[in-house]
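Structure first, commentary second.
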Amino acid sequence: MSEIKLIISKKMKDSTLLKIAKNYGTPIYVYDKQKIEEKYEKLNLAFKGQKVRFFYACKALSNINILKIIKNVGSGLDTVSINEVKFGIQAGFDSKNILYTPNCVNITEIKEAIALGVHINIDNISILEQFGNQFGNAYPIMIRFNPHIMAGGNYNISTGHIDSKFGISIHQLRHVLRIVKTLNINVEGLHMHTGSEIKDIEVFLQGLEVMLEIVRNFDSVKYLDLGSGFKVPYKKEEKETDLTLLAEKLQVKIKEFNQETGKDLEIWFEPGKYMVSESGHFLVQANVIKPTPATVFVGVNSGFNHLIRPMFYNSYHQIENISNPKGTERLYTVVGNLCETDTFAWDRLINEVNENDILVFRNAGAYCFEMSMNYNSRTKPAEILVDGADIHLIRKAQVFEDLQKDVIEI
Ligand SMILES: *Cc1c(COP(=O)(O)O)cnc(C)c1O
């Protein structure tokens, strides 16, 4: 691990955001490069001196410029589709630093990933068999297990529970071992990922215990991937997962395990949200202030087509009025402009909002732009990267012509 120095970060200023809104228009996503670097250093610092590697889960935010930042800080990449694998290679990641963790893909996609030389994580018995029949021990793989732990901020983002489609059940271990032995498969790593927004480090430690028991069955295993789910604070009073404490407790358990088994296990993590969430700011403009008998709506020039997390996961994003930061706080319900129930936030105290004011959604780096779409025939927003004093447009806003460009008129 390289020398660690903690960057003293200068928080990106709201005046910079206002300038961007004025020059590039809204809605628009803005990412702060320094925040991403700072988060990675924090991770590294927490696990300093341990045999730990990080693979950024790029489904959170996959703009190639973001991937390059991630590569330059020294992280690996976790991918969930063959296209993300290709993005990683385009961004300059060595294939050995790319991990492919797909779910329910065809063996043809696994073969494509093999041809690209990346780590492959197999998550069902059917593919394990197909892989073994065709490759035997010619290409090392990882196996994703489901440890059956209920965790995470929301049922839809929990992946380790009994109903989950992810991973191979730990109760199928004997079957897996039979296949691995018979087909002579080289299993170099094991994996689990129990969900997103896990604050309680006991969940990771429980998962670790379960997985260490499984590792004992595989002589060839060199690393154990504990996935991710590190929580970041969305509300002011929330705390992020205590990584320093997690690292301490993890180290004790791994040491014990290594001493007992003679192994030298490497631990992997796949942080997505942790790396990019706080770097992101989503800027919108208030179009309409609409008092009704029930509330005062602020209707903005965006909708769940641009930021779906509140409607999809019932998630919370801090919303601030940066055009009137000293205004009297008033109670608002912030909604989008789609013809659909499209609520970003109920009952928020926000500094008085006037029409045309610029509002910012905080923590808009992860799973925000990435999940955007063209519903209601609305275009997707631009993306900006702020690098110190430099402001770079890193994705153009879509225009009207983009909306029908793949349609074939007959
Ligand atoms: C989504 C995902 C992650 C990242 O989860 P975060 O909660 O964003 O950190 C990591 N690993 C896998 C396999 C995933 O699917």
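For ligands, and for the atoms within them, numbers begin at 1 and follow the listed sequence. All residue numbers refer to positions in the sequence shown, counting from 1.
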Exercise for review: For T108 and N106, test the side chains for any donor-to-acceptor distance below 3.5 angstrom and give the result as yes or no.
Suggested key: yes
Review point. Does any donor atom in the side chain of S126 or Q130 lie under 3.5 Å from an acceptor atom in the other side chain?
Key: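 Yes, Q130 and S126 have a side-chain donor paired with an acceptor closer than 3.5 Å.
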Practice item. Inspect the contact between K39 and D32 and indicate whether a charged nitrogen and a carboxylate oxygen are less than 4.0 angstrom apart. Key: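 No, D32 and K39 are not salt-bridged.
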Review point. Parallel, tilted or perpendicular: which describes the rings of F131 and Y139, with under 30° parallel and over 60° perpendicular?
Key: perpendicular
Practice item. Measure up the H119 and W268 rings against each other and bin them: parallel (under 30°), tilted (30 to 60°), perpendicular (over 60°). Key: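 The rings of H119 and W268 stand perpendicular, inter-plane angle above 60°.
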Check your understanding: Is the charged tip of R348 near the ring of Y316: under 6.0 Å from the six-membered ring centre and within 45° of its axis?
Key -> yes
Practice item. Can you tell me which residues line ligand 1 if we count any heavy atom under 4.0 angstrom from one of its atoms, in chain and number order? Key: A57, K59, D78, T101, R144, H193, S196, S228, G229, E270, P271, G272, K273, Y367
